[in-house]
Amino acid sequence: MPSEEATGSEDEDKSIQHFAALSIGFICVVIGIPLWWKTTEVYRVSLPYSDIADLSKTKFQFTIDIDVLNLEKSWTDKDLTDLSKLLKANLVDDRKLATILSKYRVTVRQAAEKQTSDVNSFKTLSQFDEYFHGKESSINKYLIVLLPVNNVVVTKPTIGNNRAVFLPVGKGDLKIVATKITEILHSVLVREDTMVKSFQNSLGAREPKDKESMRSLSYHQGYDLLFTLVNPQPDVLNVDWSIQEAVKAYLDPLSTQLSDYISLDIKSQMIFFTGLRRKPKKDSKSQGYYYEEVDLPHTINPLEAKLGSHASNNPMLNFIVYVPSRDQYPLHIVDKKGKHVTTNSFLSPQWGGIVIQNLPSPPPNSSLPATASVDMKTVMEVFLTQLRFLMDFSIHVAQDVDVREVGNDVIREWELDNWLRKKCVENLATSISTLQSLTALLEGIGNIVIQDDIGLQVENAVTGIKEAQRYLAGGQIARAFTQSRKALASSEKAFFDPSLLELLYFPEDQKFAIYIPLFLPIGLPILGSLFKAFKWIKAKRKQKLKTE
């Protein structure tokens, strides 16, 4: 029989072994597993999910100032008070369920005697427009000038270039005048319907888009304009075009007008020995050639391949002057009715435009190459019109309303206001849609890393949307547009951050495939030792109870 000393020593050794197993198990379970879990967890910064979810329910309210200035002497103060009430009643936006609401702050007042005498001496519409420029109207504030009906210069409702509308009125026409002012505001100066459509389309609504929205480009901080002269036979005709002077004369004013909102990078080039691969049809009535409207899309692809590479984040707009070769001269574009298009040009939505410039080819026996010059005035006027359509500066005016010629400014001030409002809601809708898509992605895939920079960009986007909403309600559309631009940039930067894709290729099943071979050989002995230790402790407790 073993001695008591040997038995005690053996029990002591077993107790040490079991307590060591318990200690190792304690360290692994209490310290090791939490430490491993903490060091291997995916870092995800906290995002304002509730604020982003509430953005889709946000209503945007535009505040627009209307100042009515009366120069009709027969109108009394009571007439002006009644006109103010009629206008406020007509301009109330009662669309309770609409996402975009309009609020008009209307002021009606009599003109000063000096203003009346000055206006009566004007002989041209430009004098009317320049007189009120910067004095009575400002950005997002429109001046409605009520003139006597017998005014020689302004005989019908006329919209100037500088946020002023000139409206001839007579005695007792209060309701008619109020209705006309309301129509001009809704259909030309403000155009709430286009803002609502732009907002819904940018949110991803499945409603059919109109031609205007499909033709124009979405907002970008900059656009690249490339002007190209295509001369298929430089050995026959040496074409001269003064593109630098034309850009300075026609596009520099546009760049200056839009410098606070977008940037225009203008380039030019000449391409030789390249033509339109689509063979034109022979005109049986004359000695010329023509393209029909169905042929025009097939003329772009061959030219586009020759335009060169585009290394920029900004969208490219191409404007091409094509000089027909000798065997295609003269070349025209005909409409559906078979008539020649006056400008001999066509527009490709979201791409650019092409002008066919028919320059006379030299006679067969003349020395070659002959020299000819492009009519840059005609060409640039066409390109500016196309550029207005592509950048969404098109206008719609009723037949009984005149609009002053745009002149050298290219864009009228009230057109710029309209563009700012429309692009502002587009930016806000796109930002909201992008943020909601981002949160849906992050909530659906739990192992995507969310870095601090992404969280900062998301917070900046949410803040920008709320700031834009506040500025819109206060009538400060320029500041609202700036905030919407920041919100758009921040939301897209967060959504397209490359760090979001780092762990997408490492799903949960692959984690188990990696960790099980690592921890199983270590874990089984520890679990076995813990099981024996607990069994030994249980046996010891039973033995102690028996001895007592």
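All values derive from a computational prediction rather than experimental measurement.
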Could you tell me the separation between the NZ atom of Lys103 and the CZ atom of Phe62, rounded to the nearest 0.5 Å?
14.5 Å
Stepwise side-chain contact (heavy atoms from CB on, under 4.5 Å) test for Ser348 and Ile354:
CA-CA 8 Å; Ser348 178; Ile354 296 180; over 6 Å; no
Test item: Val165 and Val145 side chains (from C-beta on) under 4.5 Å apart, heavy atoms
no
Within-4.5 Å side-chain heavy-atom neighbours: Gln451 and Val45:
no
Residue pair Leu251 / Leu264, side-chain heavy-atom distance below 4.5 Å:
no
Heavy atoms, side chains only, cut-off 4.5 Å: are Val108 and Leu69 in contact?
no
The reported gap from CG in Asn460 to NZ in Lys486 (rounded to nearest 0.5 angstrom) is 9.5 Å
Which residues pass the side-chain hydrogen bond (donor to acceptor under 3.5 Å, both in side chains) test with Tyr104, sequence neighbours left out?
Glu192
Could you check whether any side-chain N or O of Asn418 sits under 3.5 Å from a backbone N or O of Arg191, counting only pairs where one atom can act as donor and the other as acceptor?
no
At their closest point, which heavy atom of Phe319 faces which heavy atom of Gln386, and how far apart are they?
CD2-OE1, 3.8 Å
Please name the pair of heavy atoms, one in Gly222 and one in Pro315, separated by the smallest distance, quoted to 0.1 Å.
O-CD, 3.4 Å
Look only at the side chain of Ser433 and the backbone of Ala429, and say whether a donor-acceptor pair between them is shorter than 3.5 Å.
no
Supply the atom-to-atom distance Leu472 CG to Ser484 OG, rounded to the nearest 0.5 angstrom.
8.0 Å
May I ask you to decide if Tyr219's main-chain N or O and Arg485's side chain share a donor-acceptor pair within less than 3.5 Å?
no
Quick one: does Asp400's side chain have a donor or acceptor within less than 3.5 Å of a partner on Pro157's backbone?
no
Is it true that atom NZ of Lys180 has more than 12 heavy atoms of other residues, nucleotides or ligands lying nearer than 6.0 Å?
yes
Go through the steps to decide whether Leu420 and Ile139 satisfy the test side-chain contact (heavy atoms from CB on, under 4.5 Å), and finish with yes or no.
CA-CA 10 Å; Leu420 287 175; Ile139 188 168; 4.0 Å; yes
Can you tell me how far the CD1 atom of Ile243 sits from the OH atom of Tyr250, to the nearest 0.5 Å?
11.0 Å
Just by distance, do the side chain of Thr158 and the backbone of Val154 share a donor-acceptor pair under 3.5 Å?
no
Counting only heavy atoms not in Lys267, do more than 12 sit closer than 6.0 Å to its NZ atom?
no
For Leu307, does its backbone N or O pair with a side-chain atom of Gln269 as donor and acceptor, under 3.5 Å?
yes
Report the C-alpha separation of Arg404 and Asp129 in whole Å, then their side-chain angles, then the decisive distance to 0.1 Å, and conclude whether the salt bridge (charged side-chain N to carboxylate O under 4.0 Å, His left out) test is met.
CA-CA 9 Å; Arg404 184 189 167 194; Asp129 211 9; 2.7 Å; yes
What are the two closest heavy atoms between Ile320 and Phe383, and how far apart are they?
O-CZ, 3.6 Å
Residue of the set Thr463, Leu435, Leu442, Asp51 for which side chain to side chain contact (heavy atoms under 4.5 Å, CB included) holds with Val458:
Leu435
Spatial distance of atom CG (Leu47) from atom CD (Glu443) [nearest 0.5 Å]:
9.0 Å
What is the distance from atom CD1 of Ile181 to atom CG of Leu87, rounded to the nearest 0.5 Å?
5.0 Å
For the aromatic rings, using the six-membered ring if either is Trp, is the centroid distance between Phe481 and Tyr471 under 6.0 Å?
no
Audit row: Val401, Val188, side-chain contact (heavy atoms from CB on, under 4.5 Å) steps and yes/no:
CA-CA 10 Å; Val401 177; Val188 183; 5.6 Å; no
Do you know which two heavy atoms are closest between Phe60 and Leu428, and how far apart they sit?
CE2-CD1, 3.5 Å
Flag, side chain of Ser491 to backbone of Leu488, donor-acceptor distance under 3.5 Å
yes
Is the distance between the ring centroids of Trp414 and Tyr142 less than 6.0 Å?
no
Can any side-chain N or O of Thr63 pair as donor or acceptor with the backbone N or O of Ala473 at less than 3.5 Å?
yes
Measure across Glu405 and Asn161 and return the closest heavy-atom pair with its distance rounded to 0.1 Å.
O-ND2, 2.9 Å
Are Gln436 and Ile52 close enough that some pair of their side-chain heavy atoms sits under 4.5 Å apart?
yes
For Asn162 and Arg412, which I'm curious about, is there any donor-acceptor pair between the side chains at under 3.5 Å?
no
Check the pair Phe166 / Leu125 against side-chain contact (heavy atoms from CB on, under 4.5 Å), numbers first and verdict last.
CA-CA 9 Å; Phe166 306 100; Leu125 181 60; 4.1 Å; yes
Ignoring hydrogens and angles, tell me if any N or O in the side chain of Ser345 forms a donor-acceptor pair with the backbone of Val355 under 3.5 Å.
no
So do the side chains of Glu293 and Asp335 get within less than 4.5 Å of each other, counting heavy atoms only?
yes
Test side chain to side chain contact (heavy atoms under 4.5 Å, CB included), reference Leu225, set Leu390, Asp265, Leu387, output is Leu387
Do Arg163 and Leu143 come close enough that some side-chain heavy atom pair is under 4.5 Å?
no
Correct closest heavy-atom pair for Lys422 and Thr194 would be CE-O, 4.3 Å
Test item: Ile64 and Ile477 side chains (from C-beta on) under 4.5 Å apart, heavy atoms
no
Using atom types as modelled and distance alone, determine if a side-chain donor or acceptor of Ser263 lies under 3.5 Å from a backbone N or O of Ser259.
no
